[in-house]
Amino acid sequence: MKTRLTRICRHPIKAHGREDLASVLLSAGACLPGDRRWAVAHTAAKLAPGWNPCSNFHRGAKAPKLMAITAELNGNRVTLRHPDRPELCFSPDDPADLSRFLAWVAPLSPTDRAQPSHIVSADRGMTDSAFPSVSILSETSLNALATVMGRPISADRFRGNIWLTGDEPFAEFGWIGRDIQIGDAILTVKERITRCRATMANTATGVVDADTLGALRTAYGHQDFGVYAVVKNGGMIAVNDVGTLL
């Protein structure tokens, strides 16, 4: 089986923007560099040191307007853009910048939910998986889902890291426990990704407009889309690299 890498995407602040990359150097046992480097804790969070599960964070499942944010990471500074907000450039690590960020994100935050409170980080990316992961998603599967739904579906709804094309729809579920080489890196596929309501929001507007979860359940009997993998051997990957199941 051979596929082609069509897109690399990272999300510097969990649930608060996406950024496309042409190439990236993966390291063994680590998340995609810069992905979910920070997360926005809400006022009801119960945090432990280090990695914490997504229920502690301000995210698109509860605040769909966040899904329309794009981001740009430069060193320790992040630039956020949203169609309804002015551009914001700030440092998530700088306490002096927190009030500016909270003021910027407040209009995107439903008032009946726990409000964003502060920004946290750990010694690994704040992915939804309890282990440092890189998510692998299939454009072929996305096209199949769009056909089922009878409308285009943006890949951005699924907040993936690596997008591949060329295999059968949902063939990636059969890769669990196997290694895949992409460019110079080798990743071990670990488990399926169960999706949440964030995928129902339009990533251009932040408005909920598609029942992605219902379509997955009706057509396939589950709410899964994409797989989590861990980097077994680090190396450079770039758009248009070949992916080979080992």
Side-chain angles (χ1 to χ4, degrees), residues 5-41 50-52 54 56-60 63 65-105 108-109 116-129 132-137 154-163 182-183 185 187 198 201 203-204 206 226 228-229 231 234-239 241:
L5 175 57
T6 58
R7 188 180 185 192
I8 305 168
C9 191
R10 69 181 173 191
H11 309 76
I13 304 174
K14 182 183 182 73
H16 292 69
R18 58 193 178 270
E19 176 181 29
D20 280 87
L21 303 173
S23 63
V24 70
L25 179 63
L26 298 181
S27 297
C31 299
L32 189 141
D35 188 58
R36 279 83 171 183
R37 180 171 168 182
W38 298 279
V40 181
W51 178 89
N52 283 267
C54 64
N56 292 283
F57 301 120
H58 194 232
R59 55 199 176 100
K65 289 183 180 180
L66 301 182
M67 295 294 287
I69 301 175
T70 59
E72 183 179 343
L73 174 62
N74 289 293
N76 291 319
R77 296 189 67 78
V78 177
T79 301
L80 300 180
R81 301 179 179 91
H82 187 280
D84 299 330
R85 304 295 296 137
E87 181 178 297
L88 174 70
C89 182
F90 77 114
S91 173
D93 289 326
D94 187 350
D97 273 354
L98 178 61
S99 60
R100 291 200 302 122
F101 167 75
L102 293 177
W104 186 89
V105 79
L108 309 179
S109 310
S117 172
H118 58 287
I119 297 174
V120 299
S121 61
D123 58 357
R124 49 154 293 192
M126 287 285 192
T127 59
D128 283 354
S129 59
S133 63
V134 174
S135 58
I136 301 177
L137 286 76
S154 171
D156 292 332
R157 291 178 186 257
F158 294 93
R159 308 175 309 277
N161 295 140
I162 293 175
W163 284 88
I182 304 171
L187 300 94
T203 55
Y228 288 126
V231 181
M236 184 69 69
I237 64 171
V239 171
D241 277 350

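Here the options are H16, H118, R59, M126, the test is side chain to side chain contact (heavy atoms under 4.5 Å, CB included), and the partner is V40; only H16 passes.
Under a 4.0 Å N-O distance rule, the pair R7/D156 qualifies as a salt bridge. Ion pairing of D94 with R77 is absent here, as no side-chain N (NZ or NE/NH1/NH2) approaches a carboxylate O to less than 4.0 Å.
Heavy atoms only, all atoms of each residue included: A63 and L108 are closest at CB-O, 3.9 Å. Of all non-hydrogen atoms in G226 and L137, the two that sit nearest each other are CA-CG, 4.0 Å. Contact detail for D128 and W51: the closest heavy-atom pair is O-CZ2, 3.9 Å. S133 and N161 make their closest contact through O-OD1, 4.3 Å (heavy atoms, listed as atom of the first residue, atom of the second, distance). The two atoms that bring P92 and N76 nearest to each other are CD-O, 3.4 Å, heavy atoms only. Of all non-hydrogen atoms in P12 and G17, the two that sit nearest each other are CD-O, 4.0 Å.
By the 4.5 Å heavy-atom criterion applied to side chains, E72 and N74 are counted as neighbours. When side chains are defined from C-beta on, R36 does not count as touching C31, because their heavy atoms never get closer than 4.5 Å. Two residues are said to be in side-chain contact when any heavy atoms from C-beta on lie closer than 4.5 Å; R85 and V105 fail this criterion. Under the 4.5 Å side-chain criterion, counting only non-hydrogen atoms from C-beta, L21 is in contact with L32. Here the side chains of V239 and D20 are not in contact, with every heavy-atom distance at 4.5 Å or above. Counting only heavy atoms from C-beta outward, the side chains of V78 and E19 never approach each other to under 4.5 Å. By the 4.5 Å heavy-atom criterion applied to side chains, K14 and C54 are counted as neighbours.
Distance CG/L66 to NE2/H58: 5.0 Å, rounded to 0.5 Å. In this structure, the separation between CG on L102 and CG on D97 is 10.5 Å, given to the nearest 0.5 Å. Atoms CD1 and CD1, from I162 and I136 in turn, are 5.0 Å apart once rounded to the nearest 0.5 Å. Remark: L26 CG to I182 CD1 distance equals 8.0 Å, nearest 0.5 Å. T6 contributes atom OG1, which lies 8.0 Å from atom CH2 of W163 (distance to the nearest 0.5 angstrom). Considering CZ of R81 and CD1 of I69, their distance stands at 12.0 Å, rounded to 0.5 Å.
Remark: the backbone N or O of P86 is paired with a side-chain donor or acceptor of W104 at under 3.5 angstrom. Although no hydrogens or angles enter the test, the distance criterion places no donor-acceptor pair under 3.5 Å between the side chain of R159 and the main chain of M67. For S135 (side chain) and G160 (main-chain N/O), no donor-acceptor pair under 3.5 Å exists by modelled atom type.
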Margin query: Go through it in stages, so that I can follow the logic: the residues are H11 and R18, the test is side-chain hydrogen bond (donor to acceptor under 3.5 Å, both in side chains), and I'd like the CA-CA distance, side-chain angles, deciding distance and then a yes or no.
Written below: CA-CA 5 Å; H11 309 76; R18 58 193 178 270; over 6 Å; no

